[in-house]
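One structure is given below, encoded as structure tokens.
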Amino acid sequence: MTQDLNQMRDHMLTAIATASGLDALDACRVEALGKQGTITALLKTLGKMTPDERLVQGPLIQGLREAVANGIAERKATLERAALDARLASETLDMTLPADATPAGTIHPVSQVMDELAEIFADLGFAVATGPEIETDWHNFTALNIPETHPARAMHDTFYLQQGIDAKAAGTADEKTTFSLLRTHTSPVQIRTMLSQKPPIRVIAPGRTYRSDSDATHTPMFHQVEGLVIDKGITLGHLKWTLETFVKAFFERDDIVLRLRPSYFPFTEPSVEIDVGYTLVKGKRVVGGAEPDGWLEILGSGMVHRKVIEACGLDPDEWQGFAFGCGIDRLAMLKYGMDDLRPFFDGDIRWLKHYGFSSLDVPTLSGGVGA
């Protein structure tokens, strides 16, 4: 019996090793291990043997089965690898041919508006400044003259980092160096710019900001752009002219009318809200018109507070400035006709195809900032 099994194994392994293709190899598998296969028939005889015979013949038959199964697996891997190599050698791709389809990617409206803002303000002599999105309490609130009792500091409005809060409460951390929250506005970039650069300063600070709010016009993460000018002899008139020039260039209309309303912000004094006039066209609000049908609030602004200038190590009697800030997402909605903020972050390819911009639509003042 042992000699017969050894001869059977040698015969089967030779047939497997010389199989010319996957079909021939599968035929060897069926002949040996199929339902009616030779080895399968031997396994069925184990039940008719005596315990002593089974103790001797069982391991031999199982060893034959394992040797054949391993041989089939190895030969199959070899044949598949050879087939893949032959396919790779025969298939070619001509990289000089044009693509079958035009790439479907688009520039997100928020990215497009950021580029438009950078182009407009670069023409006015502004540089782009950036800062960390995880901020310190000092840069985000204290240096901006926001008191400890201000609602903006409350847990329900600001995303705090638990580790930062614990470190500060223990009295072991410096509030200027402990990063304890997600910035609620890009104003901390203004503070960092004044601390690191000598006046005169002209910068805009676009970027992501975070507040605990979510509905059709608010999201927990949104985008803001803030502007800062620090120089000698700066007045509210400079602010008004800058904003008028910016809004006319952004909306690409000369019949823009702005309205300044007194307001309050801890970091500016005096503070003003800026409204832009709109006209109704087929029931929709369109920014512009010499005789507005109504007003839309677009940004807040004002003269930089003396305490903010002092916090940055500058003399407020020598240096003055103005600052302004607005939501980039809201600007995109007003200019390009979106009525809901939430799709900005849904990742819906249909929305992106409709409102997105081509990568070639680079904003320029000569060609028009809006594509």
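Since this is a predicted model, take the numbers as computed values, not measurements.
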**Prompt:** Above 12 or not: heavy atoms from other molecules or residues under 6.0 Å from CD1 of Ile134?
**Reply:** no
**Prompt:** Cluster question for you: counting only ILVMFWY and a side-chain heavy-atom cut-off of under 4.5 Å, with indirect links fine, are Ile274 and Val286 together?
**Reply:** no
**Donor-acceptor contact present, side-chain Glu135 to main-chain Leu182, <3.5 Å** = no
**Asked** More than 12 heavy atoms of other residues, nucleotides or ligands under 6.0 Å from CZ of Arg54: is that the case?
**Response** yes
**Request:** State whether the side chain of Ser196 and the backbone N or O of Arg192 hold a donor-acceptor pair below 3.5 Å, judged by distance alone.
**Result:** yes
**Message:** Taking the side chain as everything from C-beta on, heavy atoms only, tell me whether Gln224 gets closer than 4.5 Å to Pro206.
**Reply:** no
**Prompt:** Which heavy-atom pair separates Ala32 from Met12 by the least distance, and what is that distance?
**Reply:** CB-SD, 3.8 Å
**Message:** Is a donor from one side chain sitting under 3.5 angstrom from an acceptor on the other, for Ser187 and Glu226?
**Reply:** yes
**Asked** Side chains of Thr136 and His139: is there a donor and an acceptor less than 3.5 Å apart?
**Response** yes
**Prompt:** Between Trp319 and Ile234, is a side-chain contact (heavy atoms from CB on, under 4.5 Å) present by the stated rule, with each step listed?
**Reply:** CA-CA 8 Å; Trp319 302 102; Ile234 297 297; over 6 Å; no
**Fill in**
Only residue of Tyr355, Phe357, Trp351 satisfying ring pair (Phe, Tyr, Trp, His ring centres under 6.0 Å) with Tyr336 is Phe357
**same_hphob_cluster(Leu331, Trp295) at 4.5 Å side-chain heavy-atom cutoff** = no
**Asked** What closest approach, in Å, do Leu181 and Leu161 show between heavy atoms, and which atom pair accounts for it?
**Response** N-CG, 3.9 Å
**Prompt:** Is a side-chain donor or acceptor of Asn70 paired with a backbone partner of Glu66 at a separation under 3.5 angstrom?
**Reply:** yes
**Message:** With a 6.0 Å cut-off (strictly less than), is the heavy-atom count around CZ of Arg208, excluding the residue itself, greater than 12?
**Reply:** no
**Prompt:** So which of Phe121, Phe265, Phe267 actually passes ring pair (Phe, Tyr, Trp, His ring centres under 6.0 Å) with Phe324?
**Reply:** Phe121
**Asked** Which value, rounded to the nearest 0.5 Å, describes the distance between Leu341 atom CG and Asp346 atom CG?
**Response** 10.0 Å
**Prompt:** Does the pair Arg259 and Glu273 meet the rule for a salt bridge (charged side-chain N to carboxylate O under 4.0 Å, His left out), with working shown?
**Reply:** CA-CA 8 Å; Arg259 181 177 70 176; Glu273 296 275 9; over 6 Å; no
**Donor-acceptor under 3.5 Å (Arg29 side chain, Ala24 main chain)** = no
**Request:** Given side-chain hydrogen bond (donor to acceptor under 3.5 Å, both in side chains), test His238 with Thr235 step by step and report yes or no.
**Result:** CA-CA 5 Å; His238 295 108; Thr235 68; 3.1 Å; yes
**Asked** Taking it one step at a time, do Ser263 and Val272 satisfy side-chain contact (heavy atoms from CB on, under 4.5 Å)?
**Response** CA-CA 5 Å; Ser263 186; Val272 290; 5.8 Å; no
**Prompt:** Above 12 or not: heavy atoms from other molecules or residues under 6.0 Å from CG of Asp317?
**Reply:** yes
**Prompt:** Is there a side-chain contact between Thr209 and His223 (heavy atoms, below 4.5 Å)?
**Reply:** no
**Message:** If I compare all heavy atoms of Asp329 with all of Phe344, which pair ends up nearest, and what's the gap?
**Reply:** O-CZ, 3.9 Å
**Option among Val229, Thr193, Ile230 that satisfies the side-chain contact (heavy atoms from CB on, under 4.5 Å) test with Val203** = Thr193
**Prompt:** So, do Lys240 and Glu244 sit near enough that their side-chain heavy atoms are less than 4.5 Å apart?
**Reply:** yes
**Request:** With the side chain counted from C-beta on, respond yes when Val56 and Asp52 share a heavy-atom pair under 4.5 Å apart, and no when they do not.
**Result:** no
**Item:** Identified side-chain contact (heavy atoms from CB on, under 4.5 Å) counterpart of Trp241 within the set Leu239, Leu243, Thr245
**Value:** Thr245
**Request:** Report the relative orientation of the aromatic rings in Tyr160 and Phe141; use parallel for angles under 30°, tilted for 30 to 60°, perpendicular for over 60°.
**Result:** tilted
**Asked** Can you tell me if Arg75 uses its side chain to pair, donor with acceptor, with the backbone of Ala19 under 3.5 Å?
**Response** yes
**Message:** According to a hydrophobic-cluster definition based on side-chain heavy atoms being under 4.5 Å apart (Ile, Leu, Val, Met, Phe, Trp, Tyr only), do Ile328 and Val287 belong together?
**Reply:** yes
**Prompt:** So, do Leu55 and Met49 sit near enough that their side-chain heavy atoms are less than 4.5 Å apart?
**Reply:** no
**Prompt:** Taking everything shown except Glu318 itself, do over 12 heavy atoms lie less than 6.0 Å from its CD?
**Reply:** yes
**Asked** Are Leu117 and Val189 linked, directly or through other ILVMFWY residues, by side chains that come within less than 4.5 angstrom of each other?
**Response** no
**Item:** Donor-acceptor pair, side chain of Lys335 and main chain of Phe250, under 3.5 angstrom
**Value:** yes
**Asked** Has the side chain of Thr106 got a donor or acceptor atom that lies under 3.5 Å from a matching backbone atom of Leu352?
**Response** yes
**Message:** Is it the case that atom CG in Asp254 sees more than 12 heavy atoms from other parts of the structure closer than 6.0 Å?
**Reply:** no
**Message:** With rounding to the nearest 0.5 angstrom, report the CD to OG distance, Gln112 to Ser358.
**Reply:** 9.0 Å
**Request:** Compare every heavy atom of Thr186 with every heavy atom of Val225, then report the nearest pair and how far apart it is.
**Result:** C-OG1, 4.2 Å
**Request:** Considering non-hydrogen atoms only, spot the tightest contact between Gly289 and Val257 and give its length.
**Result:** O-CG2, 3.6 Å
**Asked** Which distance, rounded to the nearest 0.5 Å, do you find between the CG of Asn140 and the OG1 of Thr184?
**Response** 4.0 Å
**Message:** If we ignore hydrogens and angles and just use 3.5 Å, is the side chain of Thr14 paired with the main-chain N or O of Asp10 as donor and acceptor?
**Reply:** yes
**Test side-chain contact (heavy atoms from CB on, under 4.5 Å) applied to Asp275 and Ile298, step by step** = CA-CA 6 Å; Asp275 300 333; Ile298 58 169; over 6 Å; no
**Complete:** The residue among Arg183, His185, Glu133 that forms side chain to side chain donor-acceptor pair (under 3.5 Å) with Tyr210 is Glu133
**Asked** Is there a donor-acceptor pair closer than 3.5 Å between any side-chain N or O of Arg285 and the backbone N or O of Tyr278?
**Response** no
**Prompt:** Can you tell me how far CG of Asn145 sits from CD of Glu310, rounded to the nearest 0.5 angstrom?
**Reply:** 9.5 Å
**Request:** Look at Glu269 together with Arg306 and state whether they make a salt bridge at an N to O cut-off of under 4.0 Å.
**Result:** no
**Prompt:** With hydrophobic residues grouped by side-chain heavy-atom distances under 4.5 Å, do Leu236 and Tyr264 end up in a single group?
**Reply:** no
**Asked** Salt bridge between Arg202 and Asp231, side-chain N to carboxylate O under 4.0 Å?
**Response** yes
**Request:** Starting from the C-alpha separation in whole Å, work towards a yes-or-no answer on side-chain contact (heavy atoms from CB on, under 4.5 Å) for Gln57 and Leu5.
**Result:** CA-CA 10 Å; Gln57 298 299 327; Leu5 292 178; 4.2 Å; yes
**Message:** If I take atom NZ from residue Lys248 and atom CD1 from residue Ile256, how far apart are they, to the nearest 0.5 angstrom?
**Reply:** 8.0 Å
**Message:** Counting C-beta onward and ignoring hydrogens, is there a side-chain heavy-atom pair between Met338 and Pro343 closer than 4.5 Å?
**Reply:** no
**Message:** Return the CD to OG1 distance between Glu53 and Thr45, rounded to the nearest 0.5 Å.
**Reply:** 9.5 Å
**Prompt:** Looking at Ala332 and Val113, what are the two nearest heavy atoms and their distance?
**Reply:** CB-CG2, 3.7 Å
